[in-house]
Number of protein chains: 2
Amino acid sequence: MTGIRQLADHLQLSIGTVSRALNGKADVNAQTRERVLKAAMELGYVPNQSGRSLRKGTTSTVGLILTQGNSLGENNDNFFFGVIHGLQTALKKHKLDLVLLLCSRDEDPDSFLQRMVAQRIVDAVILTATRTHDERFDILRRANMPFVTLGRSESLGDASWIDLDFEGIARSSVTRLFGRGHRRIAVAVPNVDANLGPLFLEGYRQGLADCGLPFDENIVFHAETSEEGGYDVAEKVLATEDRPTAILLIAELMSVGLYRRLGEAGLTPGRDLAVIAERESPVGRFLLPRLTCFRLDLDALGRMLGEMLLSNLPTFAENYKDVPKGKIWPLELVEGESDPPLEMKETLLSDG
Amino acid sequence: MTGIRQLADHLQLSIGTVSRALNGKADVNAQTRERVLKAAMELGYVPNQSGRSLRKGTTSTVGLILTQGNSLGENNDNFFFGVIHGLQTALKKHKLDLVLLLCSRDEDPDSFLQRMVAQRIVDAVILTATRTHDERFDILRRANMPFVTLGRSESLGDASWIDLDFEGIARSSVTRLFGRGHRRIAVAVPNVDANLGPLFLEGYRQGLADCGLPFDENIVFHAETSEEGGYDVAEKVLATEDRPTAILLIAELMSVGLYRRLGEAGLTPGRDLAVIAERESPVGRFLLPRLTCFRLDLDALGRMLGEMLLSNLPTFAENYKDVPKGKIWPLELVEGESDPPLEMKETLLSDG
DNA sequence: CTGAAAGCGCTAACAC
DNA sequence: GTGTTAGCGCTTTCAG
């Protein structure tokens, strides 16, 4: 356990000088600094984080709050791994570390957050899985803890946020499907209070309006955003009186279950039911037919999220003046094989 | 910022008494304790972690080291989310917190770990994605940091570990497929230095030996443990001279790509190529045909991992004397639809 | 440019 | 049963 004391003794210097040398203060002899740095390296000295935090009043770590079993489904965690990389890139510039704080299923997200911020184990946090009404914003404000969120919420206040363009993709998906001949387009949204549900639905309605199509509650399906949820949705689609010819899925994982259920019914995804899903993922890319979906640059998103956070930290705000307060993150359509034009079908219909 | 000082002032008590009350020490008046606890609750007091750590020399947090882009593939992170829940259950009993430390792609895992342990931000760590030869064990031993690993390694020494029974599942899979009429069984293993590769292969060889089947290097495929890797494997299978009738996959994600490639070739997974994959997952459950795979209790595994760690911490070792030093975690076959008996095929062949 | 000393918030040893 | 005090490792005044 090499502490600064041992290092100082070994160098025959005072701990003050050693500390200043290590922290790159100007008022230290260049030669002395060199000696200190060399010895620190050799002895493998790294400052004790507790001592440092206590003295400085900051921990130099940022917490990403992940909520297990959240509205986004259990499995698309890999979404975060992309974002995290960008986050770390942004934070690294200021030697800030990132830790993930995982709120387990059987713990209340609000009290979990309360505990984490009270402990002052991090200087700032990034919130995910925002609910439409979310108490956590107040908790953080009360604790005076800087934060940004991935996801909008009605409780946002003046907090910084990034969110995917759920309205945009829903709206443009409807238009695209309309252009491909579809007149009856269903949608699948989460069955829980996640803020993205209403947004997606809103875009869907706008898309319908754009195309002069009627809104029909009977083809708005609420389900889990998982494979199983997709299976359930397909089940409902099959049972629908005037069966839709296309469907928008809020999560790509749903397509797996949907494909299976269609297959069980002897139907072919794409041909018998066109599918567009929210996010590009390896699974979607290797489904047959390949999923038409939306791509986004997770790394860039993470970087911007990091920069937003930095712009909220007094120490760094100066360098991040031009970072926006909120951002709707764009997604780009990736053409797959799951939403071919309806032409053939129409021909068949007009024949009958 | 309510500190113990403010709390003490507010209560007209010394900080010593307040501290003892809060920490459940015996020598404090029951009535006083009640007052303290009540006031702490009201003022939302939570001890500052830095102050506490500095004084006690321990942080009461455990770090789970996750390596991004590791040998397990990018996407099956949800594996960890199951394990983490169990881990937290075990650690919670002793009020230990868990933080996830994510080593990003562009950072060296060894130096990342070095930094994390030197900072003393955690009291102990859990290592994952163990390599066959892994420097990190020595780093931890040098730093005198207790640890357990999820995954075996040649560098283990006397460290505690849990690992899935890769030999076992490979071996029994071969036997099962043999029983179902298969005589030419391929295997797909990782193309990187992950310790599970050789283990899986070893079980595969044992299984072949059990059945009196020859080992043929031409049907041992090395690939990424991802959807894409599965696609590549299928490609190679199709190009194989004496085409295998069955295949073992080290990761269930591979099946997605494999299914697709077979589909592209007009072949049906299961019927034209039987598939058994390592781990049960939602994706596999909703593939068509449903994947035959192996199930394990992630939560229980996490709990045991936590208990193993506790048995390595001086403070808690006493309570965990009967926890084993190492454990090969059993998996249970989950019958799917992807490895039906070969009978029909055989009939067809004998007809031709 | 360097050393001495204060003090961040907390717990534990000791005194009463 | 409670108050007082030392000190965990570190950074940052303040002298010199």
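Quick note on labels: first sequence line is chain A, next is B, and so on, each numbered from 1.
- Toward the 5′ end of DNA chain D lies the nearest nucleotide of A26(B), the other residue of the pair A26(B) and K56(B) mapping further downstream.
- Considering only side-chain N and O atoms, S14(A) lies under 4.0 angstrom from the phosphate OP1 or OP2 of dG3(C).
- Counting atom types as modelled, R20(A) pairs a side-chain N or O with a base atom of dG3(C) as donor and acceptor under 3.5 Å.
- Among the atoms of the strands shown, only primed sugar atoms or phosphate atoms (P, OP1, OP2) are found under 4.0 Å from some heavy atom of T32(A).
- Ring pair H94(B)/F316(B) is tilted by interplanar angle, where 30° to 60° counts as tilted.
- Of the listed residues (L310(A), V148(A), I126(A)), just one forms a side chain to side chain contact (heavy atoms under 4.5 Å, CB included) with V62(A), and that residue is I126(A).
- For T17(B), the listed nucleotide lying nearest its side chain is dG3(D); candidates were dC10(C), dG3(D), dC10(D).
- Rounded to whole angstrom, the span from the CD1 atom of I15(A) across to the C1' atom of dA4(C) amounts to 9 Å.
- The distance between atom CG of L13(B) and atom C1' of dG1(D), rounded to the nearest whole Å, is 11 Å.
- In this structure, G3(A) reaches the sugar-phosphate backbone alone: every heavy-atom distance under 4.0 Å involves primed, P, OP1 or OP2 atoms, never a base.
- dT11(D) atom P lies 11 Å from atom CG of L7(A), rounded to whole Å.
- Distances shorter than 4.0 Å separate none of the side-chain N or O atoms of R5(A) from OP1 or OP2 on dG9(D).
- Residue-to-nucleotide proximity on DNA chain C shows that, of D27(B) and V46(B), the 5′-proximal contact is made by V46(B).
- Considering only the side chain of R52(B), dT11(C) comes nearest among dT11(C), dT11(D), dG3(C).
- Remark: P of dG9(C) and CG of N23(B) are 17 Å apart, rounded to the nearest angstrom.
- Look at CD1 on I121(B): it is 17 Å from P on dG9(D), rounded to the nearest Å.
- Whole-Å rounding puts the L22(A) CG to dT12(D) C1' distance at 15 Å.
- Using a 4.0 Å heavy-atom criterion, one finds that N48(B) contacts the sugar-phosphate atoms exclusively.
- Checking V18(B) against Y45(A), the closest nucleotide of DNA chain D that is more toward the 5' end is the one next to V18(B).
- Checking the phosphate oxygens (OP1, OP2) of dG9(D), no side-chain nitrogen or oxygen of S50(A) falls inside 4.0 Å.
- Checked for salt-bridge contact, R5(A) and D9(A) meet the test: a charged N lies under 4.0 Å from a carboxylate O.
- Per the geometry, CD belonging to Q49(A) stands 19 Å off P belonging to dC8(C), to the nearest Å.
- The CZ-C1' distance, from R120(A) to dC10(C), rounds to 16 Å in whole Å.
- Salt bridge annotation for K25(A)-D27(A): absent, with no cationic side-chain nitrogen under 4.0 angstrom from a carboxylate oxygen.
- D134(B) contributes a side-chain N or O that, together with a main-chain N or O of R131(B), makes up a donor-acceptor pair within less than 3.5 Å.
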